[in-house]
There are 2 protein chains.
Amino acid sequence: MNAKGPSPQKSEVRPPKAEVRSIADLARIAGVSVSTISRALTGKGTLNEKTRERVRALADEHGFRLNVAAQNLRLGRTGAIGVLLPLGHDRGQHLSDPFFSAMLGHLADELAEHGYDLLMSRVLPGRANWLDDFVRSGRTDGVIVIGQSNQGAVLDAVGRHYRNLVVWGAHGTDLPYLTVGTDNVAGGALAAEHLLARGRRRLAFFGNVEAPEFAAREQGFLAALPPDLRAQVEIVPIQLTPESSFAAASAYFAAGNRPDGVFAASDIIGMSIVSAAAEQGIVVPEAMSVVGFDDILLARIATPPLTTVRQDIAEGARRLVALLLQRIAGADVASVLLEPRLVERGSS
Amino acid sequence: MNAKGPSPQKSEVRPPKAEVRSIADLARIAGVSVSTISRALTGKGTLNEKTRERVRALADEHGFRLNVAAQNLRLGRTGAIGVLLPLGHDRGQHLSDPFFSAMLGHLADELAEHGYDLLMSRVLPGRANWLDDFVRSGRTDGVIVIGQSNQGAVLDAVGRHYRNLVVWGAHGTDLPYLTVGTDNVAGGALAAEHLLARGRRRLAFFGNVEAPEFAAREQGFLAALPPDLRAQVEIVPIQLTPESSFAAASAYFAAGNRPDGVFAASDIIGMSIVSAAAEQGIVVPEAMSVVGFDDILLARIATPPLTTVRQDIAEGARRLVALLLQRIAGADVASVLLEPRLVERGSS
DNA sequence: CTGTTAGCGCGTTCAC
DNA sequence: GTGAACGCGCTAACAG
């Protein structure tokens with residue numbers, strides 16, 4: 001709300017009636033006690049139905065609403081969930097990445113449905129205790145971290161003593177925090193099998209293996225190949241932003257490399273590869289098959305439409321929120337692993 | 001923070017030392033008063049430098065941080081800014097739209113830099129008073145609305161009595177709220193001039209004119225054409241999501257329409273058009289020039305790279321935040337109109 | 001330079 | 001069925 005009291009504030013939600021800034025004000029006007037107001041407006045406790053109606057009508061008339069901050073302070077909660085985007089391995093990624101923004105949108109919907117606000121924060125993990133600081137500031141009742149990035153150590157440390165933490169990312173054995181994520185190893189295998197089925201033999205993997213999600217995709221990809229092919233796969237380290245992945249792909253093709261099958265660790269990378277290849281006269285899918293990962297909405301309208309390993313973002317968001325809220329309620333819950341699915345389109 | 005007191009909560013940030021949950025606890029341990037703690041930790045007021053250091057060290061040692069909620073309650077502020085995404089004209093748009101997510105990311109950065117949290121909320125304007133409700137709930141010190149959508153009436157009504165409101169969107173004369181936005185009329189004109197310069201004469205505009213931003217782009221586009229061409233421009237109403245814009249574009253070309261120059265109201269629409277055209281054997285840019293709007297990061301890696309009217313999102317976010325914070329501080333400020341710029345790439 | 005104290009706006013016993 | 005009083009954790013006078 002606006003600053004109160006002795007501030008230079010001139011702007012206020014100015015209802016037609018007198019200023020009602022607290023339940024005390026309303027109590028005075030209504031001729032009842034503050035606790036009656038509280039009971040009427042929260043619906044908690046027992047109260048004569050007529051009194052309740054009268055108070056509510058009066059509150060409406062004055063445009064009065066309970067102050068959520070004070071309410072939360074009193075209740076020892078904040079009513080908000082923090083959603084953090086660590087940008088450890090790749091500055092500028094994430095929110096420029098359609099995958100993360102889609103996730104964010106679904107999280108917002110899901111949290112709103114459960115009466116929670118979504119407090120968003122991008123983090124450039126300069127200080128090692130960025131997560132600890134956030135948790136300790138007490139601004140939220142729980143934290144969802146989108147992507148492990150290269151911050152595994154930080155997550156481990158905080159996860160050990162703070163339980164209301166759920167992370168979107170790679171599933172690990174014995175992680176001290178909850179995770180929800182796609183089975184990246186299985187996803188990598190799907191890509192490998194598809195490229196093999198297409199008769200591709202000169203294979204390459206484009207991705208940043210600093211982040212465990214991508215490392216797992218690479219691992220699953222390699223494991224699903226016959227040993228002779230596996231040994232020849234080219235691993236191309238690449239950043240996740242459109243600009244840098246495009247630049248890296250261009251350089252790669254310009255250097256004369258000519259794989260006939262490429263697995264990209266994300267759809268953005270996949271689209272960059274297609275675009276860079278086109279510039280060098282490499283025709284997709286005739287001369288080269290490209291498989292992405294994520295199935296962002298744009299994959300469908302890419303030219304050609306991108307074959308990709310689909311992650312169910314909406315389901316992921318649902319599970320993240322469900323798990324976290326159960327944790328906050330004190331329940332004992334387990335991490336979730338989602339199955340990926342191959343979506344065949346024109347790029348392969 | 002976690003629920004406190006009599007909750008079933010078992011998980012806590014458990015520092016090595018004793019539990020320190022409030023400045024009172026820390027005061028006891030340090031052997032000083034609560035106000036000394038407050039002064040030491042906030043840096044406000046005067047305090048012996050040694051005492052300050054000692055208290056800070058002690059706080060660190062116990063992993064104690066000031067409770068932001070209580071702090072804000074006391075200060076009569078919330079420390080958060082609401083960012084609302086009305087989905088009036090187009091469900092599912094916005095967060096799936098790279099433009100909006102890029103904006104969101106920049107807003108998050110900019111707000112964080114000024115010590116504010118970003119409270120995000122997607123709104124399906126079912127109830128006419130969605131904005132009023134949000135404002136009155138007192139959860140934030142101010143509100144940024146991204147896109148007017150078709151909610152002009154709501155914005156007008158709220159803007160008249162609530163001043164801490166800034167809207168990204170079309171600039172209008174006599175709007176009762178602050179706006180920051182690109183000069184969409186000028187942007188439309190840039191697109192028109194570019195297509196004319198390319199020798200294109202059979203022109204089309206793809207966009208949803210329910211939203212004032214897009215209506216202004218169309219208007220600027222038409223106004224910059226010679227009368228004879230203007231009369232023949234085809235206006236193709238289209239939704240903004242990738243799926244629906246792609247479907248609409250496909251249908252349009254399948255019906256035999258063959259414009260040689262297209263102005264798309266957004267880059268997503270532009271990419272959809274290119275993709276749909278390719279499916280029908282229409283080669284871009286040889287047979288048809290396509291100009292988008294926004295210059296999202298993906299425009300650069302599209303195939304072919306998309307010519308577009310660039311909006312400076314980062315600058316827009318900066319101005320939105322600056323204006324709002326000045327308003328909150330009680331300053332008198334004016335709306336901002338940003339100049340668009342044409343970026344020529346391969347699609348035209 | 002530091003301590004005491006009175007609230008910020010609300011929810012919740014415990015009386016009546 | 002309703003009211004009085006206390007306190008959530010913090011800041012800012014006002015004293016000393």
Side-chain angles (χ1 to χ4, degrees), chain A residues 1-7 9 19-55 59 62 64-79 136-139 141, chain B residues 1-7 9 12-13 19-56 58-59 62 64-79 136-139 141:
Chain A
M1 82 219 73
N2 298 326
K4 305 241 172 85
S7 95
Q9 202 62 35
E19 299 268 19
V20 179
R21 323 181 72 79
S22 70
I23 58 175
D25 291 351
L26 197 59
R28 209 171 304 119
I29 297 177
V32 297
S33 74
V34 290
S35 41
T36 294
I37 304 288
S38 173
R39 283 190 272 254
L41 264 35
T42 59
K44 293 180 185 171
T46 75
L47 194 58
N48 183 306
E49 199 49 44
K50 276 180 195 156
T51 319
R52 173 161 294 161
E53 276 320 308
R54 195 168 62 82
V55 170
H62 290 267
F64 176 75
R65 300 257 317 236
L66 291 173
N67 180 314
V68 180
Q71 200 170 26
N72 287 334
L73 177 64
R74 177 60 237 244
L75 294 176
R77 52 164 265 167
T78 69
R136 287 225 169 93
S137 74
R139 286 179 293 178
D141 297 327
Chain B
M1 85 222 75
N2 298 327
K4 303 244 172 84
S7 94
Q9 203 62 35
E12 290 291 345
V13 175
E19 301 267 18
V20 179
R21 324 181 72 79
S22 69
I23 57 176
D25 291 352
L26 197 59
R28 207 171 306 118
I29 297 178
V32 297
S33 74
V34 290
S35 45
T36 295
I37 304 288
S38 173
R39 282 189 275 255
L41 266 33
T42 60
K44 294 180 185 171
T46 72
L47 194 58
N48 183 306
E49 199 49 43
K50 276 181 196 156
T51 318
R52 173 160 294 158
E53 277 318 309
R54 193 167 63 82
V55 170
R56 288 196 168 162
L58 207 59
H62 290 266
F64 176 75
R65 298 258 320 236
L66 291 171
N67 180 314
V68 180
Q71 197 172 30
N72 286 333
L73 176 64
R74 178 58 236 245
L75 294 176
R77 50 166 263 168
T78 69
R136 286 228 169 89
S137 75
R139 286 177 295 177
D141 297 326

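All of these numbers come straight from a predicted model, not from anything done at the bench. Reminder, nothing fancy here: chain letters follow the sequence lines and each chain counts from 1.
- Atom CD1 in B:I37 sits roughly 16 Å away from atom C1' in D:dA12 (whole-Å rounding).
- In this structure, CZ of B:R21 is placed 16 Å from C1' of D:dC10, rounded to the nearest angstrom.
- Between the CD1 atom of A:I23 and the P atom of C:dG11 there is a distance of 6 Å, given to the nearest Å.
- With respect to B:T36, the side chain to side chain contact (heavy atoms under 4.5 Å, CB included) criterion is satisfied by exactly one of B:T51, B:N48, B:I23: B:T51.
- Distances from the side chain of A:N67 to the nucleotides C:dT12, D:dG9, C:dG9 place C:dG9 closest.
- Taking for each of A:R52 and A:V34 the nucleotide of DNA chain D with the nearest heavy atom, the 5'-most of the two is the partner of A:R52.
- Checking the phosphate oxygens (OP1, OP2) of D:dT11, a side-chain nitrogen or oxygen of B:Q71 falls inside 4.0 Å.
- Put simply, A:S38 has no side-chain N or O that comes within less than 4.0 Å of OP1 or OP2 on C:dC10.
- Atom CG in B:L73 sits about 8 Å away from atom C1' in C:dC10, given to the nearest Å.
- A 4.5 Å side-chain heavy-atom check between B:V32 and B:R54 finds at least one atom pair inside the cut-off.
- A:L66 comes within 4.0 angstrom of the backbone, heavy atoms only, and of no base.
- Taking only side-chain atoms of B:S33, from C-beta outward, the nucleotide of D:dC10, C:dG3, D:dT2 with the closest atom is C:dG3.
- Spacing between atom CG of B:L47 and atom P of C:dG3 amounts to 9 Å, rounded to whole angstrom units.
- Ranked by how close their nearest DNA chain C nucleotide is to the 5' end, B:T36 and B:A70 are led by B:T36.
- A:R65 has its CZ atom 15 Å from the C1' atom of C:dC10, to the nearest Å.
- Judged by atom type and distance alone, B:R39 reaches the base of C:dG3 through a side-chain donor-acceptor pair under 3.5 Å.
- Between the CZ atom of A:R77 and the P atom of C:dG11 there is a distance of 11 Å, rounded to whole Å.
- Checked by atom type and distance alone, the side chain of B:R56 pairs as donor or acceptor with a backbone atom of B:A40 at under 3.5 Å.
- In terms of polar N and O atoms assigned as donor or acceptor, the side chain of B:S35 comes within less than 3.5 Å of the base of C:dG3 in a complementary pairing.
- Side-chain contact check for B:T78 and B:D141: at least one donor-acceptor pair (N or O, by modelled atom type) lies under 3.5 Å.
- B:S22 comes within 4.0 angstrom of the backbone, heavy atoms only, and of no base.
- Closest approach of A:R39 to A:R52, counting heavy atoms only: O-NH2, 3.3 Å.
- The side chain of A:R74 sits closest to C:dG11 out of C:dT2, D:dA12, C:dG11.
- Here C:dC1 presents its C1' atom at 13 Å from CZ of B:R54, a figure rounded to the nearest Å.
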